[in-house]
Undergrad: 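Shown below is the structure under consideration.
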Amino acid sequence: MAVSATIASFGQNQKPTTMKYPVTQKGETVDVYFDTKVPDPYRWLEDDKSVETGAWVKAQNKVTYDYLAQIPFRDVLKARMEKLWNYEKIGAPFTEGNYTYYYKNNGLQNQSVLYRKDAKGTETVFLDPNTFSKDGTTSLGGLDFSKDGSKVAYAISEGGSDWRKVMIMDAITQKIIEDTIVDVKFSGVSWKGNEGFYYSSYDKPKGSELSAKTDQHKLYFHKLGTAQKQDQIIFGADQKRRYVGGSVTEDDHYLVITASTSTYGNELYIQDLTKPNSPIVTIVDNFKSDNNIIDNEGTKLFIETDLNAPNKRIVTVDVKNPKPENWKDFIPETENVLSPTTGGGYIFANYMKDAVSVVKQYDYSGKMIREIQLPALGTAGGFGGKKKEKTLYYSFTNYVSPGTIYSFEPKSGKSAVYEKPKVDFKSEDYVSKQVFYTSKDGTKIPMMITHKKGLKLDGKNPTMLYGYGGFNVSLTPSFSIANAVWMESGGIFAVPNLRGGGEYGKKWHDAGTKMQKQNVFDDFIAAAEYLIAQNYTSSSFLAVRGGSNGGLLVGATMTQRPDLMKVALPAVGVMDMLRYHTFTSGAGWAYDYGTSQDSIEMFDYIKGYSPVNNVKQGTQYPATMVTTGDHDDRVVPAHSFKFAAELQEKQTGPNPTLIRIDINAGHGAGKSVAATIQENVDIQAFTLHNMGVTELQKIAE
C-alpha cells in the first residue's frame, strides 16, 4: 500500500512573518561603464576565501535552516521522497576488453557504483565512488578505457568542482599504476591505443581556483610511464582558446581537435596518427558554426554541422581535402533539429520534433533503414556503441515515465525492455500534454504541462513553472522523482521551451541571445500568464524555478514582474550580468549574453535586466529562496550572495528572501543523492508553505 502526501488545507491568510536577516555590510565600490557609475556595495562577497564571506555564509544558512525547520510537513515530504527514490537503478551495459561494465545504484547510494562481469557472468565491483569520500561529496567525473580495455583513466571531482584529478588504473588488476594527473578541467580523456591519452586543462589560476578567470585551454598528451610535467602540449600553446577538446577516432587513425572561444561555434582540426609528427590540418578555421566529426570510414569523414544548416546536417568529405567547400550532404538538414550517434555499424539520426524524439537509422551509404518505433511521446537517448556491437541500448523517458532502458538489434530493428525501474509511482494516474501559447511578440512557444488526472481547473493548484532558455540547451521530457512527489501532492509541473534553447535549431537559440535576451524572459512571463488565464493556477499558487542560466531567468522575471508569482526559486544563477565574464570560464558565455564592455548599447541592455542591478527599494518581491553551492566554480556563488543581499535589504512586505548555501558543493554535477533529496525537500516545503499550505496529510492509495 503506497503512502503519498496530498495537500490537505490552504491558508491564504498567513500571518506576516517578520524576518530578521544577518547584517550584510555595504562597501563603497563603484564601477564606471561608459561614463555611467554603477555602485557594487556587496563586492566583498566575491572573495570566496575571506573570513568575512565565510561568516556571512554561516549566518545566512542559520536563518534559512531555522526557517525551514519550522515547516511542519517538511519531514513528511522527506520521507516520501526517500521512499520513492529508493529503487534500484541500472545503466546500459558496455563492453571493454573481456568484461561487460554497467552502473548500478541500490536506491539511496550517494553515487552509482560501476560493476563488471567476466565471461562466466561473475559480478564484481569495479569502481565505487562512495568510497572516494566519507560524505559523498567526491564523485566520478568520467572514465575512459584504453583500446584493448586493459587500462582505464577516470576523473574525480571533489566538492562539485569543475577541476578534476585523473587516476590511471590497470583495469585487469584494479591497481593504480601511475601518479595522479591534476588540474584537469572541462575535459574528457581519449586514449591513443594503449600508450597514453589526450586531456585538456588550463594553467592553474593565481588567487582563488574557484573564482579566478580561466581562458587559455590547452590539449595535452600523457604518455604512460612518464610524469605529468613531461606531458606534451598538442594544441593551445600559441592559439589562445577558451575551450579545446581532443578525441581519437575508433580506428585509432585520427586525432580530432575542436577549439572555441565561446559556448557556440568551433574551429575543427585533424591529425593523422598513423604517421609520426604529421601536421595538424585545419578543416574549419572560424567560430561561425558548430562542427563535430562523428565517425570515419578510412579517409572518409562524417561531420555533424550547422554550417548553412541551422537545424544541423551530416556531411562527408575526404580527409585529403577536408575544407567546407568540399563537403557533400549525407543526411541533409530537415525542419527538425538533428543530434546523431553511431553504433553497430549504423548512424542514428535523433531528431527533436516540438521537443520530443524521433529516431531514424541509416547505413553508411546514406540509406535510411527504418524509423525506430518509440514507446510514446518523450525523450530517447543512446543508440551509441562500437561498430562491432551486435546489440545497442537506448533509454526512453517522459514526465510521467521513469527512464527505461531498451536493447536494440540494429540488424533486425528488434527492441526489447532491458531494464524497467520499479518505482512506487502510478504513471497511469497522470497526464502530460503539450500546448502552444503566444509570447509577447506573437511567437508560438510549446509547453508541457503534467499533473494528476482529474485535476480541477480552479486556479488553486500549486504550480512549478520551470525554464532555462539559453546556450542552445533543449528541455525535453524526462522523469524526476522530485517532480513525481510534487505532482503526487497535487502540484502541476510546467516546462515551456523558451527561445535561447535549441528546440528549433540555431535560429531559436539566436532569438534569445545578446540584444534579444529579453525574448526569453517575455516567453517565460507569457507561460505564467497562460497557466493563470487557463485557470490551471493563479499568482498566489505559482512558483518559478530555474538553475544556472535558468537562475538568471528567474532573477530577471521576478524583478520585472514581482506580482506574477508567489514563490521564486533561482538556483546557481548568473545574477550579476555586468561582471559575469570576469569569473572562471564566464567570458566564454559572451555568445549568448554579450558583455558590459562590448558597447554602450550592450551595457545599457544588460544593465536593464541584470538581476543584481534591478532589485528596487520598497518593492514586494515573491517569497524567494536562492540556492547555490559554496564550491561552485562554474557560476561563482558571489552571484547568488549579492542577489540575496540586495533582496534582503530592499524587500517590502512579509515574504521571506532566503539563501540556502550547500557546503562543499558545486554547480550541481556529482551531487550526492542525500544532498539532492534534502535540497528538493527544502525547495518544495518552502514553496508550499509560502502558498499557504498548512499541512500535508498522509493518505493511503
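Everything numeric in this text was worked out from a predicted model, so none of it was measured.
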Undergrad: For Asn398 and Ser401, test the side chains for any donor-to-acceptor distance below 3.5 angstrom and give the result as yes or no.
TA: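 Yes, a side-chain donor-acceptor pair sits under 3.5 Å.
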Undergrad: Report yes if some heavy atom in the side chain of Val485 is under 4.5 Å from a heavy atom in the side chain of Trp85; otherwise report no.
TA: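 The answer is no; the side chains never approach within 4.5 Å.
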Undergrad: Return yes when atom CD of Glu428 has more than 12 non-hydrogen atoms of other residues, nucleotides or ligands closer than 6.0 Å, and no otherwise.
TA: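 Yes, enclosed.
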Undergrad: Donor-acceptor check, side chain of Tyr264 to backbone of His509, threshold 3.5 angstrom: yes or no?
TA: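 Flag not set: sc Tyr264 to bb His509 has no pair under 3.5 Å.
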Undergrad: Quick one, Ser640 and Ile659 - any side-chain contact, counting heavy atoms below 4.5 Å?
TA: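 Ser640 reaches Ile659 side chain to side chain.
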Undergrad: Decide, yes or no, whether a salt bridge links Asp66 with Lys20 under the criterion of side-chain N to carboxylate O below 4.0 Å.
TA: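 Lys20 and Asp66: not salt-bridged.
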Undergrad: Under 4.0 Å between a side-chain nitrogen and a carboxylate oxygen: does that hold for Asp424 and Lys83?
TA: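 The answer is yes: the pair qualifies as a salt bridge.
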Undergrad: Quick one: do Glu646 and Lys650 make a salt bridge, cutoff under 4.0 Å?
TA: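 Yes, this pair counts.
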Undergrad: Evaluate salt bridge (Lys or Arg N to Asp or Glu O under 4.0 Å) for Asp429 paired with Lys453, printing each intermediate quantity in order.
TA: CA-CA 6 Å; Asp429 292 347; Lys453 288 178 178 173; over 6 Å; no
Undergrad: In terms of side-chain heavy atoms, does Thr657 have a donor or acceptor partner in Tyr21 at a distance below 3.5 Å?
TA: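 A donor-acceptor contact under 3.5 Å links the two side chains.
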Undergrad: Could you please spell out the steps behind the side chain to side chain contact (heavy atoms under 4.5 Å, CB included) verdict for His639 and Met577?
TA: CA-CA 9 Å; His639 283 283; Met577 294 305 296; over 6 Å; no
Undergrad: Checking side-chain polar atoms at under 3.5 Å, does Gln678 have a donor or acceptor matched by the opposite partner on Asp682?
TA: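 Present: a donor and an acceptor within the cut-off.
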Undergrad: Would you confirm whether Ser610, through its side chain, and Ile606, through its main-chain N or O, come within 3.5 Å as a donor-acceptor pair?
TA: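 Answer holds: no.
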Undergrad: Answer yes if the side chains of Asn461 and Thr463 hold a donor-acceptor pair under 3.5 Å, and no otherwise.
TA: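 Per modelled atom types, Asn461 and Thr463 side chains form no pair under 3.5 Å.
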Undergrad: Salt-bridge test for Glu488 and Arg80: reply yes if a basic N is under 4.0 Å from a carboxylate O, no otherwise.
TA: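 A salt bridge links Glu488 with Arg80.
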Undergrad: Taking the side chain as C-beta and beyond, is there a heavy-atom pair between Leu658 and Gln60 under 4.5 Å?
TA: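 No; the side chains remain at least 4.5 Å from each other.
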Undergrad: How close do Leu569 and Thr687 get, heavy atom to heavy atom, and via which atoms?
TA: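 Smallest interatomic distance, heavy atoms only, reads CD1-OG1, 3.4 Å.
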Undergrad: Examine the side chains of Thr537 and Lys460 and answer whether a donor and an acceptor come within less than 3.5 Å of each other.
TA: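 Their side chains do not contain a donor-acceptor pair, so the 3.5 Å distance test is not met.
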Undergrad: Could you measure the distance from the CZ atom of Phe73 to the CG atom of Leu688? Nearest 0.5 Å is fine.
TA: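 Nearest 0.5 Å value for the CZ-CG distance: 5.0 Å.
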Undergrad: Does Leu455, at its CG atom, have more than 12 non-hydrogen atoms belonging to other residues, nucleotides or ligands within less than 6.0 Å?
TA: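 Yes, CG of Leu455 has more than 12 neighbouring heavy atoms, counting only those of other groups under 6.0 Å.
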Undergrad: Using the side chain to side chain donor-acceptor pair (under 3.5 Å) rule, pick out the option among Asp510, Thr513, Asp523 that qualifies with Arg499.
TA: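 Of the listed options, the one satisfying the test is Asp523.
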Undergrad: Evaluate Lys514 against Asp592 for salt bridge (Lys or Arg N to Asp or Glu O under 4.0 Å), listing each step before the verdict.
TA: CA-CA 6 Å; Lys514 295 191 176 77; Asp592 262 54; over 6 Å; no
Undergrad: Any side-chain to backbone donor/acceptor pair from Glu503 onto Met352? Under 3.5 Å, distance only.
TA: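 No: the side chain of Glu503 does not pair with the backbone of Met352.
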Undergrad: Answer with yes or no whether the side chains of Asn336 and Tyr504 bring together a donor and an acceptor at under 3.5 Å.
TA: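 Not at all, the side chains of Tyr504 and Asn336 share no donor-acceptor pair under 3.5 Å.
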Undergrad: Can Lys89 and Glu419 be counted as an ion pair, charged N to O under 4.0 angstrom?
TA: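 Answer for the salt bridge query: no.
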